[in-house]
Amino acid sequence: MLSKRIIPCLDIKDGRTVKGTNFVNLRDAGDPVELGALYARQGADELVFLDITATVEKRKTLSELANRIAHHINIPFTVGGGISSVEDVNVLLQNGADKISVNTAAFKNPQLISELAKEFGSQCVVLAIDTRKEEDGEWYVYLNGGRTKTGMRCVDWAKQAAELGAGEILLTSMNHDGTKQGFALDITRTLSTQLPIPVIASGGGGTMEHFVTVFNEGKADAALAASIFHFKEIAIPELKQFLFENNIPVRMLQET
């Protein structure tokens with residue numbers, strides 16, 4: 001059985017790590033390179049760095065930051081924010097990124113997923129989906145860092161993206177983001193059981209039990225969290241030990 005992955009996420013704004021609740025009220029959480037290096041030492045399986053205002057501000061993700069990160073960590077890392085072309089991805093991979101995350105640009109131009117998968121391989125292409133459950137009970141796709149609602153159902157977009165060549169889905173529940181009340185189990189389970197590619201659950205992780213639940217009930221392949229790691233509420237070694245004791249297959253630090 002494949003090991004479940006624990007992935008700290010670093011949202012970057014103006015070169016600093018920030019964290020908010022439900023996508024707003026951002027506060028500073030530290031230097032992204034220092035935090036990334038710390039998480040790598042603690043046994044994180046991967047890292048995700050998202051330049052959260054790149055698309056809105058219509059600029060490119062910081063390749064220079066990717067380069068600095070690559071020199072300080074020894075685990076795979078994904079970079080996202082403002083990526084809209086093969087050329088953008090080329091620059092990031094040349095600067096040390098292992099994977100890239102696309103969101104708004106891919107939704108507006110789905111062929112971008114196919115182009116990136118063909119050029120770099122599906123394993124390099126992570127499709128990030130920001131989704132919100134509406135009053136009708138459906139989960140809808142949001143763009144531009146959660147600012148713009150679309151009429152597309154999350155499950156439909158995820159299936160289309162998988163067919164186009166996305167290698168992984170990074171699923172963030174806007175309803176749960178930053179609340180620490182637990183992950184969105186229903187939509188995570190729907191995608192995890194209906195898609196042929198891995199699903200990373202994001203949004204709502206607040207206790208170690210939440211991670212057990214998202215793996216057992218949500219069927220997620222990986223779980224991503226931010227503030228609980230940044231503000232030292234949960235340490236990765238303790239979380240992995242807890243998962244191990246609850247019969248969740250994880251890669252323990254001493255195995256490396």
Side-chain angles (χ1 to χ4, degrees), residues 7 9 11-13 23 46 48-66 76-134 138-174 177 187-188 190-192 194-203 222 224:
I7 307 176
C9 179
D11 292 332
I12 313 293
K13 185 174 189 288
F23 284 43
E46 297 182 24
V48 170
F49 294 86
L50 298 177
D51 187 336
I52 58 172
T53 55
T55 298
V56 178
E57 294 171 6
K58 295 186 170 53
R59 59 180 167 72
K60 300 305 179 187
T61 300
L62 309 170
S63 55
E64 178 265 338
L65 179 64
F77 74 100
T78 301
V79 179
I83 295 169
S84 59
S85 69
V86 166
E87 181 187 13
D88 291 344
V89 176
N90 241 330
V91 170
L92 287 167
L93 296 185
Q94 285 170 3
N95 279 280
D98 298 279
K99 300 189 242 184
I100 57 88
S101 164
V102 286
N103 188 331
T104 300
F107 188 89
K108 291 180 174 176
N109 173 25
Q111 283 311 118
L112 176 64
I113 297 172
S114 302
E115 290 170 19
L116 297 180
K118 183 180 175 190
E119 185 76 21
F120 307 107
S122 285
Q123 82 290 339
C124 178
V125 184
V126 179
L127 178 75
I129 302 178
D130 296 328
T131 187
R132 183 190 287 278
K133 191 175 192 175
E134 302 289 353
E138 290 284 359
W139 290 87
Y140 291 97
V141 176
Y142 275 70
L143 306 179
N144 300 316
R147 293 170 177 82
T148 309
K149 183 188 174 183
T150 73
M152 173 83 83
R153 293 194 318 153
C154 175
V155 64
D156 296 334
W157 173 225
K159 286 179 177 176
Q160 183 184 343
E163 289 169 6
L164 288 167
E168 204 162 24
I169 301 289
L170 169 52
L171 178 71
T172 300
S173 163
M174 294 173 61
D177 175 69
I187 188 64
T188 302
T190 298
L191 264 55
S192 296
Q194 294 188 20
L195 297 177
I197 58 175
V199 174
I200 304 167
S202 165
L224 177 146

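- Looking at heavy atoms from C-beta onward, Phe120 lies in side-chain contact with Val89 at the 4.5 angstrom threshold.
- Side-chain contact between Cys124 and Leu93: present, with at least one pair of heavy atoms (C-beta onward) separated by less than 4.5 Å.
- Across every non-hydrogen atom of Gly146 and Met174, the tightest pair is O-CE, 3.4 Å.
- The OG atom of Ser202 sits 6.5 Å away from atom CG of Asp177, with the distance rounded to the nearest 0.5 Å.
- Contact of the Thr78 side chain with the Phe49 side chain is not registered, since no non-hydrogen atoms from C-beta on lie closer than 4.5 Å.
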Side chain to side chain contact (heavy atoms under 4.5 Å, CB included) evaluation trace for Leu127 with Asn103: CA-CA 6 Å; Leu127 178 75; Asn103 188 331; 5.9 Å; no

Worked check of side chain to side chain contact (heavy atoms under 4.5 Å, CB included) between Thr172 and Thr131: CA-CA 6 Å; Thr172 300; Thr131 187; over 6 Å; no

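- Residues Ile129 and Leu170 form no side-chain contact, since every pair of their non-hydrogen atoms from C-beta on lies 4.5 Å or further apart.
- Note: Phe77 CZ to Glu46 CD = 11.5 Å, rounded to the nearest 0.5 Å.
- The distance from the CG atom of Asn95 to the CG atom of Leu65 is 10.0 Å, given to the nearest 0.5 Å.
- Inter-residue side-chain proximity for Cys9 and Leu50 is flagged as met; some heavy-atom pair is nearer than 4.5 Å.
- The two residues Ala117 and Leu164 have their closest heavy-atom pair at CB-O, 4.5 Å.
- Closest approach of Gly80 to Ile83, counting heavy atoms only: CA-CD1, 4.0 Å.
- By the 4.5 Å heavy-atom criterion applied to side chains, Glu138 and Lys133 are not counted as neighbours.
- Between Ala97 and Val79, the closest heavy-atom pair is CB-CG2, 3.9 Å.
- Although no hydrogens or angles enter the test, the distance criterion places a donor-acceptor pair under 3.5 Å between the side chain of Thr104 and the main chain of Asn144.
- Of all non-hydrogen atoms in Asp98 and Pro76, the two that sit nearest each other are OD2-CA, 3.2 Å.
- Lys99 and Gln123 are not linked by any side-chain donor-acceptor pair at a separation below 3.5 angstrom, with hydrogens and angles left out of the test.
- Surrounding NZ of Lys118 are at most 12 heavy atoms belonging to other residues, nucleotides or ligands under 6.0 Å away.
- Closest non-hydrogen pair, Trp157 versus Ala106, comes out as CH2-O, 3.4 Å.
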Test log, rule side chain to side chain contact (heavy atoms under 4.5 Å, CB included), inputs Cys154 and Ile187: CA-CA 8 Å; Cys154 175; Ile187 188 64; 4.1 Å; yes

From CA spacing to verdict: side chain to side chain contact (heavy atoms under 4.5 Å, CB included), Arg153, Trp139: CA-CA 6 Å; Arg153 293 194 318 153; Trp139 290 87; over 6 Å; no

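- Expressed to the nearest 0.5 Å, how far CG of Asp130 lies from OH of Tyr142 amounts to 11.0 Å.
- Side-chain contact check for Leu191 versus Ile169: some heavy-atom pair is nearer than 4.5 Å.
- Here the side chains of Arg132 and Tyr140 are not in contact, with every heavy-atom distance at 4.5 Å or above.
- Taken from OG in Ser85 to CG in Leu112, the straight-line distance is 7.5 Å, to the nearest 0.5 Å.
- From Ile197, atom CD1 reaches atom OG of Ser192 across 10.0 Å, with rounding to the nearest 0.5 Å.
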